[in-house]
Amino acid sequence: MRADKQGPHRVAFEHNKKTILKTQSVCGICGQPVDKQLKAPDPMSAVIDHIIPVSKGGHPSEMDNLQLAHWSCNRQKSDKLFVQKEEPKVIGNRNLPQSIKWINYKAR
């Protein structure tokens, strides 16, 4: 059985799961909103995804390795590692939020 389902990581995983369900609202895989009122086996129900799968060496209960996801997105991802296709565009020395097109921004 997986380390997040038994043993010393189980309690930490459950604690972090509750925190994520309270603080996150978007699927970390597809980027769409997650309806937390839907229950399994609904394919759009909320689950906790290991960003780096436990089977690939990811930590079973560390907050930085957990994200909110749809059940169906998590099933499709399975134990694959997410590979970003291109580096995010950097303006200055930091990545800016994508709420507006910062490339078109003109200072006044």
A.B. asks: Can you check whether Arg75's main-chain N or O pairs, donor with acceptor, with Ser78's side chain at less than 3.5 Å?
C.D. replies: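 The answer is no, because no donor-acceptor pair under 3.5 Å joins these two groups.
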A.B. asks: State, with a plain yes or no, whether a side-chain heavy atom of His70 is found less than 4.5 Å away from one of Cys27.
C.D. replies: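 Yes, close enough: below the 4.5 Å cut-off.
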A.B. asks: Relative to the ring of His50, is the ring of Phe13 parallel (under 30°), tilted (30 to 60°) or perpendicular (over 60°)?
C.D. replies: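 Phe13 vs His50 ring planes: parallel.
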A.B. asks: I need the minimum non-hydrogen distance between Ser72 and Met44, along with the two atoms involved.
C.D. replies: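 Of all heavy-atom pairs spanning Ser72 and Met44, the closest is OG-SD, 4.0 Å.
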A.B. asks: Looking only at non-hydrogen atoms, find the nearest pair between Ser61 and Asn16 and report the distance.
C.D. replies: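 Looking at all heavy atoms of both residues, the shortest contact is O-ND2, 2.5 Å.
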A.B. asks: Would you call Ser25 and Val34 a side-chain contact if the rule is heavy atoms closer than 4.5 Å?
C.D. replies: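 Heavy-atom side-chain distance check fails, nothing below 4.5 Å.
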A.B. asks: From Glu62 CD over to Asn65 CG, what is the distance, rounded to the nearest 0.5 angstrom?
C.D. replies: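 Those atoms lie 7.0 Å apart.
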A.B. asks: Just how far is it from atom SG of Cys30 to atom CD of Gln76, taken to the nearest 0.5 Å?
C.D. replies: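 Between Cys30 SG and Gln76 CD, I get 9.5 Å after rounding to 0.5 Å.
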A.B. asks: What are the two closest heavy atoms between Ile52 and Gly57, and how far apart are they?
C.D. replies: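 Closest approach of Ile52 to Gly57: CG2-C, 4.4 Å.
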A.B. asks: Test side-chain contact (heavy atoms from CB on, under 4.5 Å) on Lys56 and Lys80; report intermediate values, then the result.
C.D. replies: CA-CA 8 Å; Lys56 304 280 190 205; Lys80 298 175 193 77; over 6 Å; no
A.B. asks: Could you tell me which non-hydrogen atom of Asp79 sits nearest to which non-hydrogen atom of Ser55, and how far apart they are?
C.D. replies: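 Minimum heavy-atom contact is CB-OG, 3.6 Å.
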A.B. asks: Could you check Val26, Ile20, Ile29, Val47 and say which one makes a side chain to side chain contact (heavy atoms under 4.5 Å, CB included) with Gln67?
C.D. replies: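 Exactly one pass, corresponding to Ile29.
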A.B. asks: Looking only at heavy atoms, what is the nearest atom pair of Leu68 and Gln24, with distance?
C.D. replies: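 Shortest heavy-atom separation between Leu68 and Gln24 comes out as N-OE1, 3.0 Å.
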A.B. asks: If you take all heavy atoms of Asn74 and Asp49, which pair is closest and at what distance?
C.D. replies: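 Shortest heavy-atom separation between Asn74 and Asp49 comes out as OD1-OD1, 2.8 Å.
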A.B. asks: Would you say that more than 12 heavy atoms from the other residues, nucleotides or ligands in this model lie under 6.0 Å from the NZ of Lys36, or not?
C.D. replies: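 Enclosed.
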